[in-house]
Every structure is written in structure tokens, then in C-alpha cells.
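Here is the structure we will look at.
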There are 2 protein chains.
Amino acid sequence: MNQMDDHDPGPMHKGIQEVAEMLGVTQRALRFYEDNGLISPQRVSGTRIYSRRDMGRMQLILRGKRLGFSIREIREFLDLYDRDPTQHDQISHLLTRVREKIVDLKAQQVALEKTIGELIQIEAEAAEQLSKGGA
Amino acid sequence: MNQMDDHDPGPMHKGIQEVAEMLGVTQRALRFYEDNGLISPQRVSGTRIYSRRDMGRMQLILRGKRLGFSIREIREFLDLYDRDPTQHDQISHLLTRVREKIVDLKAQQVALEKTIGELIQIEAEAAEQLSKGGA
DNA sequence: GCCGGAATTGACGTAAGCGTCAGTTTGCGC
DNA sequence: GCGCAAACTGACGCTTACGTCAATTCCGGC
């Protein structure tokens with residue numbers, strides 16, 4: 001029994017350069033997420049070393065981003081995920097947030113629809129102007 | 001024949017305060033639009049006086065905003081509108097821009113749809129987790 | 001001739017998510 | 001023991017559409 005107190009299924013420690021390439025993000029982004037408390041890779045005399053766990057968190061972060069969550073919201077998820085091994089409260093909270101986001105996006109959808117409708121109408125009017133006023 | 005070289009169907013000159021209230025915008029916004037060349041009200045010893053023409057332009061500006069055009073795009077429209085009394089090029093340009101915007105917004109619509117779909121799936125999964133893992 | 005309210009012009013602040021230096025340190029290879 | 005590549009830490013930049021002071025000026029009323 002060694003002292004690996006954290007889950008770490010074998011080594012897979014990558015440097016920032018490689019991680020950035022793997023995930024398709026910049027090193028700056030990785031440091032930014034760290035500055036904002038989303039990840040906290042080990043340090044070997046300053047240099048960041050990303051474990052498998054860090055990679056998993058990054059996947060969650062990138063997914064959250066794609067889904068339109070802000071950095072703060074994502075951190076909220078991750079924090080709760082960390083503090084709730086049973087995952088009950090975490091899932092519950094996630095569910096709430098996801099539902100809120102769905103409501104939000106559906107509202108955006110309605111607004112978008114309306115705007116597109118107006119634009120199409122404007123387009124028709126403009127096209128008519130052009131045809132009837134053709135020089 | 002007087003020297004009113006500009007169109008001005010009768011007086012209707014309002015101060016910034018009244019105009020702001022009428023349009024539901026702040027005075028700061030009005031000054032901002034002026035700084036960005038969207039409107040240029042007369043000055044009476046410094047104080048801004050908004051003519052009917054200015055009001056008309058403000059209506060266009062606000063409409064453009066509602067339709068999701070940026071200040072720059074709106075200025076583009078207004079500039080062309082100013083320089084093209086025949087309105088042919090202006091309408092033509094407007095048409096192009098409107099169509100671009102429609103394409104843009106439709107793309108956003110697709111992306112939104114996709115995102116909402118993913119969120120709904122996540123919602124379902126989370127709900128299931130909660131029900132089956134209920135304490 | 002003074003007071004108060006309204007208008008004016010800077011100019012910095014805000015939010016989000018990094019981009020982009022600049023200057024320094026570390027580590028590896030030979 | 002040196003050089004260069006790579007990593008690090010600030011810290012300011014960017015974009016958009018104004019918000020929010022702050023300091024000044026102007027105008028009407030009494």
C-alpha cells in the first residue's frame with residue numbers, strides 16, 4: 001500500500017504543451033483555467049504536470065463551454081463535484097442549472113426566431129424597392 | 001426662399017433629457033451615438049438640440065440594435081443613407097447586409113438547437129441518476 | 001448678483017476569456 | 001559550463017455599449 005492518497009490510475013503525466021495540443025486549446029487557456037480555480041495540476045519545480053484527473057476535469061470544462069456555461073458556472077459544478085463524493089447534491093444541482101440553462105436558451109431561441117422574421121420581412125421590402133425602382 | 005438648406009418639416013426641437021425619455025434610452029447613450037457619428041444634433045451654445053431628422057435617425061438606430069446590428073453596422077447604413085439620395089445603392093447594400101445577418105442568425109439557430117438538444121439529454125441522464133440512486 | 005438644476009466634456013470602469021508581450025528561470029544536451 | 005528551447009509570472013490589450021463619476025459651465029428665476 002503506497003501513499004497515493006488520490007485516485008490515479010497509473011501515470012499519464014503530460015506537460016502543458018502536449019496537453020494543449022491534445023485538447024485543442026492554448027497554454028494560456030490552461031493557465032487561465034488554473035488561475036480561476038478550475039484545475040490545479042501538480043508542480044515539479046514550477047512546471048505544471050497534468051494528471052489523468054486533470055484531463056478529465058478539462059474535458060468537463062470544455063464540454064461546459066460548448067454548452068454555453070460560463071467559467072464561473074463550470075467552476076461551481078466542479079467544486080460541488082469535488083465536495084460531494086456521493087454525487088447526489090452534485091447531480092441535483094447540475095440538474096437545476098441545466099434546466100435553467102434550457103429555459104434561458106429557449107428564450108433566446110424565441111427571440112432569435114422573432115428577429116429572423118423581422119429581417120426576412122425587411123429583406124422582402126428592400127427587394128421590392130429595388131425591383132420597382134430599378135434604374 | 002429661406003436658407004433652410006436641410007429638410008426640416010417644422011420645428012420640433014427637443015433637449016437631450018426629453019429625447020432620452022421619449023426613446024427610452026439614457027442621455028449617455030445619445031451622446032455615445034453622437035461620439036460614434038450616428039447622429040449630430042445642432043448645438044445652441046453647447047447644448048444639443050434634436051431635430052425631427054435626428055429623431056428619425058434614432059428610430060433607425062434603435063431598430064438596428066433590436067435586430068442585432070452593431071453600432072458600426074448601423075453607422076454604415078446611415079452613412080450610405082446620407083450619401084445616396086436615390087437610395088438605390090443604399091437599399092442594395094442594406095439587402096446584402098440583411099441577408100448576411102439572416103444567414104448568421106440561422107447558423108446561430110442551428111447551434112442553439114444542437115446545444116439545447118444536448119442539454120435535454122444531460123437533463124434526462126441526471127434525472128435518471130437521481131431517481132435510481134435515491135437515498 | 002446669486003443659486004440651483006441641467007447640460008457639457010473627459011476619462012476611467014465593467015464583463016468574459018483569453019491574446020500577447022516582456023522579462024526571468026529551469027532543464028536538457030553535449 | 002553554455003546555449004537554447006520551453007515554462008513561468010505578471011500585466012496590459014482587446015471588444016462592445018454604454019455606466020458612472022468628476023469637474024465645469026450655462027441658463028433662468030428672483
Side-chain angles (χ1 to χ4, degrees), chain A residues 13-51 54-55 57-78 97 101 104-105 108 111 115, chain B residues 13-51 54-55 57-78 97 101 104-105 108 111 115:
Chain A
H13 300 302
K14 310 271 184 182
I16 194 169
Q17 165 84 53
E18 194 172 354
V19 170
E21 285 172 5
M22 287 175 65
L23 298 177
V25 301
T26 63
Q27 303 184 14
R28 180 68 180 90
L30 291 173
R31 297 193 182 108
F32 176 75
Y33 298 144
E34 185 175 348
D35 287 344
N36 284 277
L38 302 190
I39 46 177
S40 44
Q42 287 175 39
R43 298 300 188 107
V44 172
S45 66
T47 298
R48 294 167 175 81
I49 301 295
Y50 295 83
S51 69
D54 294 319
M55 299 301 282
R57 289 172 78 89
M58 276 306 302
Q59 300 286 358
L60 291 178
I61 292 168
L62 295 181
R63 184 170 197 202
K65 279 199 43 127
R66 277 188 335 229
L67 294 176
F69 289 98
S70 70
I71 296 298
R72 278 186 180 160
E73 290 173 311
I74 294 171
R75 179 175 48 204
E76 208 179 319
F77 295 149
L78 290 173
R97 291 308 226 152
K101 183 63 79 175
D104 182 27
L105 293 190
Q108 281 187 43
T115 298
Chain B
H13 300 303
K14 310 270 183 182
I16 194 168
Q17 165 83 54
E18 194 172 354
V19 170
E21 285 171 7
M22 287 175 66
L23 299 177
V25 302
T26 64
Q27 304 183 15
R28 179 68 181 89
L30 291 172
R31 297 193 181 107
F32 176 74
Y33 298 144
E34 185 175 348
D35 287 343
N36 284 277
L38 301 190
I39 47 178
S40 45
Q42 288 174 41
R43 298 301 189 105
V44 172
S45 66
T47 297
R48 292 166 174 82
I49 301 295
Y50 296 82
S51 70
D54 293 320
M55 299 302 281
R57 290 172 77 88
M58 275 306 302
Q59 300 286 358
L60 292 178
I61 292 168
L62 294 180
R63 184 171 198 201
K65 279 198 41 123
R66 276 187 337 222
L67 293 175
F69 289 97
S70 71
I71 296 298
R72 278 187 180 158
E73 288 173 311
I74 294 172
R75 179 175 49 204
E76 207 179 322
F77 294 149
L78 290 173
R97 292 308 225 150
K101 184 63 80 176
D104 182 27
L105 294 190
Q108 281 188 42
T115 297

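Residue numbers begin at 1 in each chain, while the letters A, B, ... track the order of the sequences.
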Can you list the residues that meet the salt bridge (charged side-chain N to carboxylate O under 4.0 Å, His left out) rule with [X], with sequence neighbours excluded?
X: B:R48; answer: B:E34
X: B:R57; answer: B:D82
X: A:R72; answer: none

I'd like to check the side-chain contact (heavy atoms from CB on, under 4.5 Å) partners of [X]; sequence neighbours left out, ordered by chain and number.
X: B:Q27; answer: B:I16, B:Q17, B:A20, B:R31
X: A:R66; answer: A:R63, B:E118
X: A:T26; answer: A:R28, A:A29

- Task: Sugar-phosphate means primed atoms, P, OP1 and OP2; the rest is base. With that split, encode nucleotides 1-16 of chain C 5' to 3' as B, S or - using protein heavy atoms under 4.0 Å.
- Result: ------SBB-B----S

- Message: At 10 degrees resolution, what angle do the end axes of the helix from C:dG1-D:dC30 to C:dC30-D:dG1 form when each is taken over five base pairs?
- Response: 30°

- Query: For A:T26 and C:dC18, is the shortest distance between a side-chain N/O and OP1 or OP2 below 4.0 Å?
  - Reply: no

- Item | B:Y33 vs D:dC18: side-chain N/O to OP1/OP2 distance below 4.0 Å | yes

- Got a donor-acceptor contact below 3.5 angstrom from the A:E18 side chain to the A:G15 backbone? no

- Interatomic distance, B:I39 CD1 vs D:dC18 P [rounded to whole Å]: 11 Å

- Query: Please give, in whole Å, the distance from D:dT16 P to B:R75 CZ?
  - Reply: 10 Å

- Message: Among residues at least two apart in sequence or on other chains, which ones pass side-chain hydrogen bond (donor to acceptor under 3.5 Å, both in side chains) with A:E76?
- Response: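 In terms of side-chain hydrogen bond (donor to acceptor under 3.5 Å, both in side chains), with neighbours along the sequence ignored, A:E76 is linked to A:H93, A:R97.
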
- Note on the structure: Assert: residue with more 5' nearest nucleotide on DNA chain C, out of A:L30 and A:V44, is A:L30

